[in-house]
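When a ligand or atom number is given, it counts from 1 through the structure's own listing order.
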Amino acid sequence: MKIEVLTLFPDMFSAVMSQSMMWKARDRGLLDFQARDIRDFTQDKHRQVDDTPYGGGGGMILKPDVLVRAVESVKGDADTPVILLSPQGRKLTHEVAAELSRLPRLILVCGRYEGVDERVRELAIGDEISIGDYVLTGGELAAMVLIDAVVRLIPGVLGAAGAQHRDSHAQGLLEGPHYTRPPEFRGLGVPDVLTSGRHAEVDRWRRKQSLKRTWQRRPDLLTSADLSDDDRAYLAQLDAGDAE
Ligand code: ADE
């Protein structure tokens, strides 16, 4: 996958994109990443990227001529999705990340200041994504969150041991608890089933823990999760207060 980001702060991406899984993805040739400086697409001697809003009100707005030129020159003739990161976008979820992870190329545009001139949306933006109902000072952190969530779903990025299918949200549920050595820590043990070697039982236990955690913390997710008859029976037990 190729991801190009248009930003006023390309250096913000350096640390995140050159370590851990993002670096492995690039090193393995699974991700080609480039951060492009919007300022490089200005044509005036002051390299001005923003201006005051018509109608007053303060704050600065990213100029349409610069931003549209930047998008068009990065995009070329290709039919590549151009996504603006903004608090007004559709919300980033596992489904959105999975949908984007199947695309060969993405262009991400990071807004700054009070926003972007509306004509940029009309002329150059195909999609708008928000990472949550709060306002960041710019789209850069949101773009990095989106990139991380998308790239880890590209086959091969997490290696053979990757268990993305079991992630919280991948099946519409939260994941249950995990344990590793030592078997006892400050008086707390590990559930016996996990050390029993009985894999079918472990799977059943994990499914129940996942249902229980979702029921406790995010019951809203249960209405759209894909549930079996056994799952529903267990949830009914939880509701009745007689599940272990
Ligand atoms: N830019 C500012 N706030 C944002 C948010 N919540 N999501 C995406 N981009 C943003």
Side-chain angles (χ1 to χ4, degrees), residues 1-17 21-22 25 31 33-42 48-55 57-72 74-75 80-103 105-154 167-170 174 217-218 220-221:
M1 174 183 265
K2 180 166 187 172
I3 300 182
E4 287 142 293
V5 173
L6 282 164
T7 169
L8 289 171
F9 302 96
D11 291 347
M12 281 181 76
F13 290 84
S14 310
V16 168
M17 297 310 296
M21 283 301 161
M22 295 306 109
L31 172 66
F33 173 80
Q34 265 185 305
R36 307 284 303 267
D37 192 337
I38 293 169
R39 211 172 285 279
D40 290 344
F41 298 90
T42 54
Q48 190 183 350
V49 292
D50 55 357
D51 210 335
T52 52
Y54 280 122
M60 296 297 271
I61 307 296
L62 289 178
K63 286 162 60 60
D65 48 342
V66 176
L67 210 42
V68 169
R69 188 181 306 119
V71 171
E72 286 177 349
V74 167
K75 187 174 171 187
T80 302
V82 180
I83 302 172
L84 175 68
L85 280 307
S86 114
Q88 300 174 15
R90 63 183 174 131
K91 209 178 274 181
L92 180 63
T93 61
H94 173 77
E95 283 70 33
V96 172
E99 164 201 322
L100 298 178
S101 75
R102 291 189 280 270
L103 300 173
R105 185 178 176 219
L106 288 179
I107 297 170
L108 305 179
V109 179
C110 303
R112 273 269 147 184
Y113 313 117
E114 296 303 299
V116 304
D117 186 290
E118 189 62 21
R119 292 163 292 184
V120 175
R121 283 192 172 85
E122 285 172 39
L123 296 170
I125 302 295
D127 194 359
E128 199 161 329
I129 293 180
S130 163
I131 63 162
D133 291 340
Y134 41 80
V135 179
L136 303 165
T137 51
E140 284 76 10
L141 289 169
M144 286 184 251
V145 168
L146 181 147
I147 291 168
D148 192 285
V150 167
V151 170
R152 67 189 293 287
L153 297 177
I154 298 173
D167 286 343
S168 287
H169 299 294
L174 303 183
R217 301 185 182 190
R218 291 291 307 276
D220 57 299
L221 296 177

- [ ] Over all heavy atoms of both residues, which pair between V120 and P64 is shortest? Give the atoms and the distance, please.
- [x] CG2-CA, 3.6 Å
Which residue and non-hydrogen atom of the protein lie closest to [atom], and at what distance in Å?
atom: atom 7 (N) of ligand 1; value: I131 N, 3.0 Å
atom: atom 9 (N) of ligand 1; value: S86 N, 3.1 Å
atom: atom 6 (N) of ligand 1; value: Y134 O, 2.8 Å
atom: atom 8 (C) of ligand 1; value: A142 CB, 3.3 Å

Is there side-chain contact between [X] and [Y], with heavy atoms separated by less than 4.5 Å?
X: M144; Y: D148; value: no
X: L174; Y: H169; value: yes
X: M60; Y: R112; value: no

Open item on the list: Once you restrict to heavy atoms under 4.0 Å, what part of S130 touches ligand 1? Side chain, backbone, both or neither.
Closed with: both
TODO: Select one of side chain, backbone, both or neither to describe which atoms of I129 lie under 4.0 Å from any atom of ligand 1, heavy atoms only.
DONE: backbone
Task: Verdict with supporting geometry, R152 and D167, salt bridge (charged side-chain N to carboxylate O under 4.0 Å, His left out) - done: CA-CA 11 Å; R152 67 189 293 287; D167 286 343; 2.6 Å; yes
Task: Greater than 12 external heavy atoms within 6.0 Å of R105's CZ - done: yes
Task: Any G89 heavy atom less than 4.0 Å to ligand 1 - done: no
- [ ] Take every heavy atom of G111, measure it against each atom of ligand 1, and state whether any distance is under 4.0 Å.
- [x] no
Task: ligand 1 to L136 polar contact by distance, N or O atoms, under 3.5 Å - done: yes
Task: Backbone or side-chain N or O of G132 under 3.5 Å from ligand 1 N or O - done: yes
Task: E122 and R119: CA distance, side-chain angles, deciding distance, salt bridge (charged side-chain N to carboxylate O under 4.0 Å, His left out) verdict - done: CA-CA 5 Å; E122 285 172 39; R119 292 163 292 184; over 6 Å; no
